[in-house]
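First the proteins, then the strands, lettered A, B, ... as listed; each starts at 1. It should be emphasised that the depicted structure is a prediction, and the values quoted were computed from it without experimental measurement.
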Amino acid sequence: MKSGYHTNSTRSLHLYASRSVTVSSVIRDTVIVNISVYRFEYKPKKVKTEHDKKAKKRKHEYTDGSKWRFLEHKGPVFAPPYEPLPDKVRFYYDGKPMKLSAPAEEVATFFAKMLDHEYTTKDIFRKNFYKDWRKEMTSEEKSKITDLNKCNFSDMNEYFKAQSEARKQMSKEEKLKIKEENERLLQEYGFCIMDNHKERIGNFRIEPPGLFRGRGDHPKMGMLKRRIRPEDIIINCSKDSKHPKPPPGTKWKEVRHDNKVTWLASWTENIQGSIKYIMLNPSSRIKGEKDWQKYETARRLKKCVDRIRAQYRDDWKSKEMRIRQRAVALYFIDKLALRAGNEKEEGETADTVGCCSLRVEHIKLYPKLDDQEYVVEFDFLGKDSIRYYNKIPVEKRVFKNLQLFLENKQPEDDLFDRLNTSILNKHLQELMDGLTAKVFRTYNASITLQQQLKELSCSDDSIPAKVLSYNRANRAVAILCNHQRAPPKTFEKSMQNLQTKIDEKQNQLSAARKQLKAAKADHKASHDDKSKKIEEQLMKLQVQATDREENKQIALGTSKLNYLDPRISVAWCKKWAVPIEKIYNKTQREKFAWAIDMAEKDYEF
DNA sequence: AAACTGACTTGGAATAAACCCT
DNA sequence: AGGGTTTATTCCAAGTCAGTTT
């Protein structure tokens with residue numbers, strides 16, 4: 001059943017539930033099973049004829065682009081209505097208490113809650129907030145409140161702090177009650193039925209109103225994110241399902257039955273005018289299948305990457321400027337794992353770039369730097385305004401090309417003026433079916449993990465040491481992909497605490513050894529075991545300290561979740577007898593259930 | 001061919017829950 | 001038991017990319 005799963009990929013990409021837990025409901029002769037664990041299989045399982053029929057159907061659907069044939073859900077959960085502040089909680093304008101109308105008060109509380117955050121000190125944030133706040137004010141309020149600097153929200157701020165403190169101090173029973181209520185909501189709204197399965201929904205709660213928190217220098221930070229009502233919601237479900245009911249006295253914007261998409265509900269958000277969706281959890285069939293497909297595409301790239309590399313190197317010499325630019329950009333995407341870099345509407349978002357949208361001001365060329373030749377220095381803000389800074393030596397030809405691209409340009413001009421992501425991706429599509437810029441990131445991330453694991457793993461290592469090796473391999477990928485984080489606020493302290501523990505353990509160890517020496521005469525072997533145990537604990541602590549230190553500014557989560565073929569990790573665990581729990585927590589195991597089930601110790605990406 | 005739209009993946013921070021020590 | 005710390009989960013913004021419209 002399990003052998004040879006990874007050997008490949010030409011066969012159908014279908015998931016079948018192979019383990020059902022309990023039968024929970026029956027709809028139109030279709031058995032719905034509770035939370036299923038999916039497996040990828042080559043062939044439809046020979047269990048029942050009914051099953052076979054469905055498998056065939058599903059295969060058919062796959063080719064016509066439909067994503068499901070039955071979809072039933074209860075619709076989203078709305079944000080709780082606004083609760084006005086108690087009268088004792090005051091807002092002050094120009095030093096005098098002032099009672100606000102409910103709409104103005106609500107928006108004021110959004111700001112008050114953020115008083116301790118850096119956002120509220122930023123000019124753009126304040127300006128945007130103030131502008132949108134005024135729209136909620138009554139005309140009296142509007143004429144009275146004319147300067148945000150004269151507004152004092154601190155009483156409100158204290159109130160919310162006290163509230164959250166009170167929540168922490170709640171009795172066990174009260175906490176349990178809340179937990180149970182959340183669980184009830186989850187059970188009622190947190191699942192849907194897609195085809196034959198009950199599936200977990202990723203985000204069944206509608207985003208509550210609040211102030212928009214853009215990242216980096218976002219021109220719209222502080223704007224009011226309005227409250228979403230049933231009238232804003234488009235429901236998507238199958239015609240023959242029980243349609244979700246809107247809250248009493250309200251209507252949905254629309255109910256549609258589009259099985260070419262995977263979402264259950266959507267609404268248009270008012271800051272950028274983009275659409276937000278309610279979709280399934282990563283553990284679902286529809287997400288897992290897509291994920292698997294992504295890694296299979298990356299593995300196909302592995303087979304032809306040499307050819308593609310040879311090609312773009314050749315294109316560095318092209319007579320056509322557009323070809324040279326395309327080839328150099330692709331080289332960066334491949335070598336540095338840069339993102340594609342779509343154009344963005346100026347003034348609507350933070351000024352960030354990817355490969356194709358790099359500007360002259362983002363690179364510096366050094367014919368010679370220290371002991372290296374042809375060095376390119378990158379310095380730009382990427383996705384989420386995370387800084388990318390890197391100095392790399394490149395081939396002479398690339399360097400010369402870059403000099404050419406820079407000729408007669410201003411700092412704010414595009415480096416690749418004859419290229420965009422659309423052109424690049426069309427070219428990539430011709431090189432390999434399904435190839436786009438981001439496949440290189442997936443490919444390079446996964447292949448790096450595999451190669452690093454091979455290099456770092458050592459059979460003599462203890463389990464904690466092996467896990468450290470795994471994390472280091474993961475770290476190599478995170479560094480490649482520039483996944484950074486702000487060092488945790490308590491980082492230094494946490495390191496100190498760990499060091500204290502290590503010191504203590506060291507003392508324990510020497511004490512135990514002394515004891516052993518003294519006891520030697522009495523032939524007490526038990527003391528030897530004792531020091532061994534302490535040694536082990538000490539080693540574990542030291543490994544932990546190393547791991548934490550190395551991870552100070554690196555975020556491992558994103559690469560683990562989105563770039564690393566989970567079958568590599570699963571295979572590694574099997575090969576080195578490391579329990580999978582050491583690598584993946586519960587959520588991650590659910591997301592990667594297909595891989596855990598599929599990969600053997602000899603899996604190769 | 002440029003601009004726009006829609007659907008989906010990817011991203012770090014914030015928050016909640018679990019854990020660990022006294 | 002409680003409080004501080006660590007880990008897991010939730011949140012929602014910000015990308016990619018294909019298809020459609022202008």
Q: Pick the closest DNA chain B nucleotide for A:K179 and for A:R485 by heavy atoms, then say which residue is nearer the 5' end.
A: A:R485
Q: Return the nearest nucleotide to the side chain of A:K586; candidates are B:dG11, B:dG6, C:dT9.
A: C:dT9
Q: Could you tell me whether A:R167 contacts a base, only the sugar-phosphate backbone, or nothing, with contacts defined as non-hydrogen atoms closer than 4.0 Å?
A: nothing
Q: Taking 4.0 Å as the cut-off, does a side-chain nitrogen or oxygen of A:S422 come that near to OP1 or OP2 on B:dA2?
A: no
Q: Run the side chain to side chain contact (heavy atoms under 4.5 Å, CB included) check on A:I363 and A:L415 step by step: do they pass?
A: CA-CA 9 Å; A:I363 64 164; A:L415 172 63; 3.9 Å; yes
Q: Taking the side chain of A:F212 as heavy atoms from C-beta outward, which of B:dG12, B:dG6, C:dA14 is closest to it?
A: C:dA14
Q: Given B:dC8, C:dA8, B:dG6, which nucleotide is nearest the side-chain atoms of A:I275?
A: B:dG6
Q: Is A:D132 reaching over with its side chain to a backbone N or O of A:R226, donor-acceptor style, under 3.5 angstrom?
A: no
Q: Among the candidates B:dA14, C:dA14, C:dG4, find the nucleotide nearest to the side-chain atoms of A:R213.
A: B:dA14
Q: Among C:dC12, B:dG12, B:dA14, which nucleotide sits nearest the side chain of A:T558?
A: B:dG12
Q: Respond yes when some side-chain nitrogen or oxygen of A:Y563 is under 4.0 Å from OP1 or OP2 of B:dG11, and no when none is.
A: yes
Q: OP1, OP2 of B:dG11 versus side-chain N and O of A:H483: anything below 4.0 Å?
A: yes
Q: Among A:P76, A:C192, A:P244, A:C237, which residue satisfies the side-chain contact (heavy atoms from CB on, under 4.5 Å) criterion with A:L264?
A: A:C192
Q: Taking the inter-plane angle between the rings of A:F378 and A:Y388 on a 0 to 90° scale, is it parallel (under 30°), tilted (30 to 60°) or perpendicular (over 60°)?
A: perpendicular
Q: Salt bridge (Lys or Arg N to Asp or Glu O under 4.0 Å) for A:E296 and A:R567? Distances and angles first, verdict last.
A: CA-CA 11 Å; A:E296 288 308 306; A:R567 291 168 295 183; 2.7 Å; yes
Q: Could you please name the option among B:dG6, B:dG12, C:dT9 that lies closest to any side-chain atom of A:N585?
A: C:dT9
Q: Between C:dG3 atom C1' and A:K175 atom NZ, what is the distance in whole Å?
A: 11 Å
Q: Looking only at side-chain N and O atoms, does A:K276 come under 4.0 Å of OP1 or OP2 in C:dA13?
A: yes
Q: Ignoring the backbone of A:P208, work out which of C:dC12, B:dA7, C:dG4 is nearest its side chain.
A: C:dC12
Q: Measure from CG on A:N562 to P on B:dC8 and round the result to the nearest Å.
A: 16 Å
Q: Reckon A:K493 has a side-chain N or O less than 4.0 Å from the OP1 or OP2 of C:dT5?
A: yes
Q: Hey, does the side chain of A:R548 come within less than 4.0 Å of C:dT5's phosphate (OP1/OP2), counting only N and O?
A: no
Q: Please give, in whole Å, the distance from B:dG6 C1' to A:D258 CG?
A: 11 Å
Q: Go through the side-chain N and O atoms of A:S569 and A:Y470 and say whether any donor and acceptor fall under 3.5 Å apart.
A: yes
Q: Would you mind reading off the distance between A:Q272 atom CD and C:dA14 atom P, rounded to a whole angstrom?
A: 6 Å
Q: Quick one: which of C:dT10, C:dC11, C:dA8 gets closest to the side chain of A:T587?
A: C:dA8
Q: Less than 6.0 angstrom from the centroid, inside 45 degrees of the normal: does A:K225 satisfy that with respect to the ring of A:F212?
A: no
Q: For every nucleotide of nucleotides 15-22 of chain C, 5' to 3': is a protein heavy atom under 4.0 Å from its base (B), only from its sugar-phosphate (S), or from neither (-)?
A: SBBS----
Q: Quick check: does any side chain N or O of A:H73 sit under 3.5 Å from a backbone N or O of A:G190, one acting as donor and the other as acceptor?
A: no
Q: For A:T262 and A:E345, take the nucleotide of DNA chain B holding the closest heavy atom to each; which residue's nucleotide lies nearer the 5' end?
A: A:E345
Q: Could you check A:S494 against A:I206 and say which one's nearest nucleotide on DNA chain C is further toward the 5' end?
A: A:S494
Q: Could you work out which one of C:dA14, C:dA13, B:dG6 sits closest to the side chain of A:K225?
A: C:dA13
Q: Below 4.5 Å, heavy atoms only, C-beta onward: do A:F110 and A:F129 meet side chain to side chain?
A: no
Q: Nearest to the A:H117 side chain among B:dA14, C:dG4, C:dA13, which nucleotide is it?
A: B:dA14
Q: Please report, rounded to the nearest Å, how far the P atom of C:dC11 is from the CD1 atom of A:I201.
A: 13 Å
Q: For A:Q553 and B:dA13, what is the distance between atoms CD and P respectively, to the nearest whole Å?
A: 11 Å
Q: Determine the contact category for A:L561: base if any of its heavy atoms lies under 4.0 Å from a base atom, sugar-phosphate if only primed atoms, P, OP1 or OP2 are that close, otherwise nothing.
A: nothing
Q: What's the NZ-P distance between A:K287 and B:dA7, to the nearest Å?
A: 12 Å
Q: Contact class for A:T490 vs. all strands (heavy atom < 4.0 Å): base, sugar-phosphate, or nothing?
A: nothing
Q: Can you check the A:I271 CD1 to C:dA14 C1' distance for me, whole Å?
A: 14 Å
